[in-house]
Amino acid sequence: MTKRVREILSYYDSDNGSVRNNLSRMLNHGKLAGTGKFVILPVDQGFEHGPARSFAMNPAAYDPRYHFQLAIDAGCNAFAAPLGLLEAGVAEYAGEIPLILKVNNHDVLNDEKDPSPSMTASVKDAMRLGACAVGLTIYPGSGQEKSMYEEARAIGEEAKGNGLPLVIWSYPRGSGISKQGETALDVVAYAAQIAAQLGANIIKVKPPTAFIEQAEAKKVYDAQKIPLEPLSARIAHVMQAAFAGRRIVIFSGGVKETDDSLLNTVRGIQAGGGYGSIIGRNSFQRPKPEAIALLDKVINIYKG
């Protein structure tokens with residue numbers, strides 16, 4: 001147990017020993033073990049975006065087992081996916097990679113102005129599969145946000161009561177926010193704060209842009225001279241919003257982009273004090289050797 005891992009676990013001293021033990025499992029797994037940093041492979045895109053949009057560019061990725069092996073070979077801290085995908089490979093890869101069961105999901109067949117994910121799995125499923133955490137998505141800014149917050153609180157209570165940390169994907173979206181505002185600095189920081197207040201042990205948000213969405217927030221950002229550039233300053237501000245860095249915040253990889261663009265984002269996350277990245281499409285939409293090489297570069301940046 002490294003000093004840094006002990007320090008991070010101390011931030012969660014209100015949680016029971018099993019929750020901290022499962023956090024420790026992820027912190028001490030893979031190529032970043034002991035560093036306090038994370039690289040997680042998430043594969044919920046088949047449900048969220050559709051199979052062809054997610055996997056047709058790398059047909060091997062239609063097979064759930066491909067993703068287990070990719071996460072293992074790349075040296076990730078954990079692998080996150082919905083129920084069916086985990087069920088399709090958990091027996092073959094039992095104990096080889098910490099698992100995060102994503103218990104709610106949303107599809108794009110019905111293009112809702114105010115989206116709300118559906119519960120697609122349970123804490124009991126997570127325990128049956130031997131997962132080390134439970135994950136779910138909330139959409140701050142949606143007209144249905146209140147029910148999502150209540151759901152997150154209830155799932156978090158059940159998960160933690162059974163020794164499983166809560167991971168919240170906090171993605172601003174809906175009629176209350178502009179498209180540009182979904183990644184605005186003030187909105188992303190607010191999303192991180194909401195997830196922290198809901199009891200998330202690990203928070204997933206998108207890397208913030210320099211745009212400020214809310215007029216009232218902009219007055220404060222201007223008056224207090226909160227820096228909008230560079231990316232590392234924005235990451236540092238999001239970490240402030242997550243209880244001054246006392247909650248684990250990881251940042252999404254987003255849509256597939258060039259290696260240089262992704263790696264520059266990772267450098268900004270590292271320089272700003274972020275805990276790491278959760279990278280899906282930028283990894284599994286490439287041939288496996290290319291994905292492993294890219295993730296190795298990401299991991300090396302977080303190693304410092």
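Since we're looking at a predicted model, the values are computed, not measured. If you read the sequence from its start, that first residue is 1, and numbering goes on from there.
The shortest heavy-atom contact between Lys160 and Leu166 is CE-CB, 4.4 Å. Contact between Leu101 and Ala121 at its shortest, heavy atoms only, is CD2-CB, 3.9 Å. Of all non-hydrogen atoms in Cys132 and Leu164, the two that sit nearest each other are C-CD2, 3.9 Å. Of all heavy-atom pairs between Thr209 and Ala184, the closest is OG1-CA, 3.8 Å. Shown here for Leu136 and Asn104, the closest heavy-atom pair between the two residues is CA-OD1, 3.4 Å. Heavy atoms only, all atoms of each residue included: Gly253 and Glu257 are closest at O-OE2, 3.7 Å.
Side-chain atoms of Glu145 never come within 3.5 Å of backbone atoms of Pro140 as a donor-acceptor pair (strictly under, hydrogens ignored). Remark: side-chain polar atoms of Arg234 are paired, donor with acceptor, to backbone N or O of Pro208 under 3.5 angstrom. With hydrogens and angles ignored, the 3.5 Å screen pairs a side-chain donor or acceptor of Tyr275 with a backbone N or O of Gly245. Between the Asn21 side chain and the Gly17 main chain, no donor and acceptor come within less than 3.5 Å of each other. Of the possible donor and acceptor atoms, one in the side chain of Arg247 sits under 3.5 Å from a partner among the backbone N and O of Tyr11. Put simply, the side chain of Gln285 gets close to the backbone of Ser54: a donor and an acceptor are under 3.5 Å apart. Asp107 contributes no side-chain N or O that, together with a main-chain N or O of Phe47, makes up a donor-acceptor pair within less than 3.5 Å. A donor-acceptor pair under 3.5 Å is formed between the side chain of Asp114 and the backbone N or O of Ser175. Formation of a donor-acceptor pair under 3.5 Å by the Asn22 side chain with backbone atoms of Gly163 is found in this model. For Asp296 (side chain) and Ile292 (main-chain N/O), no donor-acceptor pair under 3.5 Å exists by modelled atom type.
Screening Lys206, Lys204, His106 for a side chain to side chain donor-acceptor pair (under 3.5 Å) with Tyr171, the sole residue that qualifies is Lys204. No option in Ile203, Asp44, Val205 other than Asp44 meets the side chain to side chain contact (heavy atoms under 4.5 Å, CB included) test with Trp169.
For the pair Ile100/Met26, a side-chain contact is recorded, criterion being any heavy-atom separation below 4.5 Å from C-beta on. A 4.5 Å side-chain heavy-atom check between Phe79 and Leu86 finds at least one atom pair inside the cut-off. When side chains are defined from C-beta on, Val187 does not count as touching Glu182, because their heavy atoms never get closer than 4.5 Å. Ile138 is listed as a side-chain neighbour of Leu198, based on a closest heavy-atom distance under 4.5 Å. For the pair Pro165 and Ile202, the minimum side-chain heavy-atom distance is 4.5 Å or more. Counting only heavy atoms from C-beta outward, the side chains of Ile212 and Leu228 approach each other to under 4.5 Å. The closest side-chain heavy-atom distance from Asn77 to Leu27 is not below 4.5 Å. Proximity of Lys303 to Asn300: side-chain heavy atoms (C-beta onward) are separated by under 4.5 Å at one or more points.
A single hydrophobic cluster is not seen to contain both Tyr190 and Ile177; linkage of ILVMFWY side chains at heavy-atom distances under 4.5 Å, directly or through other members, places them apart. Both Val167 and Met119 are part of a single hydrophobic cluster, where members link through side-chain heavy atoms under 4.5 Å apart. Hydrophobic cluster membership is shared by Ile72 and Leu41, with clusters built from Ile, Leu, Val, Met, Phe, Trp and Tyr side chains linked at under 4.5 angstrom. Note: the hydrophobic cluster containing Phe211 does not contain Val188 (ILVMFWY, side chain heavy atoms under 4.5 Å, direct or indirect links). Met57 and Tyr62 are members of different hydrophobic clusters when ILVMFWY side chains are connected at heavy-atom separations under 4.5 Å.
Of the inter-residue distances, the one linking Lys124 atom NZ with Leu129 atom CG reads 14.0 Å to the nearest 0.5 angstrom. Atoms CD1 and CE, on Ile269 and Met239 in that order, are 10.5 Å from each other to the nearest 0.5 Å. Atom CG in Leu295 sits 8.5 Å away from atom CZ in Arg286 (nearest 0.5 Å). The CG atom of Leu185 sits 7.5 Å away from atom CD1 of Ile226, with the distance rounded to the nearest 0.5 Å. Annotation: the span from Leu23 atom CG to Asn201 atom CG amounts to 5.0 Å, rounded to 0.5 Å. Atom CD of Gln270 and atom CD1 of Ile235 lie 11.0 Å apart (nearest 0.5 Å).
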Before giving the answer on side-chain contact (heavy atoms from CB on, under 4.5 Å), spell out for Cys76 and Ile40 the whole-Å C-alpha distance, their side-chain angles and the decisive distance to 0.1 Å.
CA-CA 5 Å; Cys76 293; Ile40 295 174; 5.9 Å; no
Step by step, would you call Glu87 with Arg128 a salt bridge (Lys or Arg N to Asp or Glu O under 4.0 Å)?
CA-CA 10 Å; Glu87 286 185 331; Arg128 172 173 58 86; 2.8 Å; yes
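You'll find the ring centres of His237 and Tyr221 inside the 6.0 Å limit. In this structure, the ring of Tyr302 has its center no less than 6.0 angstrom from the ring center of Phe38. Here Tyr66 and Phe284 keep their ring centres 6.0 angstrom or further from each other. In summary, the aromatic rings of His67 and Phe55 are positioned with their centroids under 6.0 Å apart.
In summary, Arg153 and Glu150 do not engage in a salt bridge, as defined by a charged side-chain N under 4.0 Å from a carboxylate O.
A side-chain donor from one of Ser122 and Asp125 sits under 3.5 Å from a side-chain acceptor of the other. Between the side chains of Thr120 and Lys102, not a single donor N or O lies within less than 3.5 Å of an accepting N or O.
The environment of CZ in Arg65 is sparse: at most 12 heavy-atom neighbours from other residues, nucleotides or ligands sit within 6.0 Å.
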